[in-house]
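The next block holds one structure in the form of structure tokens; read it before the comments.
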Amino acid sequence: MKIKVKVAEKKRVPVKITTENIRLDAALKLSNAVSTGGQAKWIIQDSLVKVNGEICTMRGKKLCENDTFEFERVIYEITK
């Protein structure tokens, strides 16, 4: 007997910035994915965030327009 599993598509959320780039920890706060900078620091250090599809542990990673970051099955896309 085969069991079919349907995986829900990941939600995509735009994150509008007014500057040239934004740090990953600030982007997590701006998008309301976390409520404090401390939370952002810990989830990044614990390898829970992907940037452009790859795990990133650098809180100061600079994100530009069209970059994406993923946390808890939500994909956030940087837009201007």
Side-chain angles (χ1 to χ4, degrees):
M1 179 166 105
K2 289 186 179 180
I3 298 174
K4 291 186 179 182
V5 177
K6 187 173 184 179
V7 177
E9 230 179 90
K10 294 178 182 174
K11 183 178 172 186
R12 295 187 76 86
V13 176
V15 178
K16 188 169 176 71
I17 63 172
T18 56
T19 56
E20 195 63 34
N21 55 49
I22 187 169
R23 288 172 38 129
L24 177 58
D25 56 354
L28 282 159
K29 280 182 53 179
L30 178 64
S31 66
N32 293 318
V34 297
S35 55
T36 68
Q39 282 181 319
K41 175 183 173 181
W42 289 112
I43 66 162
I44 294 167
Q45 286 179 344
D46 288 346
S47 302
L48 299 175
V49 180
K50 289 182 179 180
V51 173
N52 296 327
E54 295 186 12
I55 291 174
C56 180
T57 57
M58 299 182 305
R59 352 186 312 223
K61 173 79 174 163
K62 292 193 189 291
L63 303 175
C64 302
E65 187 175 15
N66 298 322
D67 280 340
T68 62
F69 64 96
E70 180 181 342
F71 175 62
E72 292 187 336
R73 297 196 49 76
V74 177
I75 297 173
Y76 300 89
E77 184 172 1
I78 305 298
T79 62
K80 284 212 169 200

Practice prompt. Sorted by first residue and then second, give each ring-ring contact (aromatic ring centres under 6.0 Å, His included) pair with at least one member in residues 16-63; sequence neighbours left out.
Written response: none
Worksheet entry | Pairs involving residues 48-74, ordered by first then second residue, that meet ring-ring contact (aromatic ring centres under 6.0 Å, His included) (sequence neighbours left out) | Phe69-Tyr76
Discussion item. With a 6.0 Å cut-off (strictly less than), is the heavy-atom count around NZ of Lys80, excluding the residue itself, greater than 12?
Written reply: yes
Worksheet item: Side chains of Met58 and Ile44: closer than 4.5 Å at any heavy-atom pair?
Response: no
Discussion item. Tell me every residue that passes side chain to side chain donor-acceptor pair (under 3.5 Å) with Thr19, counting only those two or more places apart in sequence or in another chain.
Written reply: none
Item to complete: Could you list the residues that satisfy side-chain contact (heavy atoms from CB on, under 4.5 Å) with Ser47, not counting sequence neighbours?
Response: Ile55, Thr57
Fill in: Partner residues of Thr68 under the side-chain contact (heavy atoms from CB on, under 4.5 Å) criterion, sequence neighbours left out
Arg12, Asn52, Ile75, Glu77
Worksheet item: Between Gln39 and Thr36, which heavy-atom pair has the shortest distance, and what is it?
Response: N-OG1, 3.0 Å
Item to complete: If a pair satisfies salt bridge (Lys or Arg N to Asp or Glu O under 4.0 Å) and one of its residues is in residues 61-74, list it, with sequence neighbours excluded.
Response: Lys10-Glu70
Item to complete: Scan for salt bridge (Lys or Arg N to Asp or Glu O under 4.0 Å) pairs involving residues 36-56, sequence neighbours excluded, and state none if there are none.
Response: none
Anything under 3.5 Å between a donor and an acceptor, one on a side chain of residues 20-27, the other on a protein residue two or more places apart or in another chain? List them.
{"from": "Arg23", "atom 1": "NE", "to": "Asp25", "atom 2": "OD1", "distance (Å)": "3.2"}
{"from": "Arg23", "atom 1": "NH2", "to": "Asp25", "atom 2": "OD2", "distance (Å)": "2.9"}

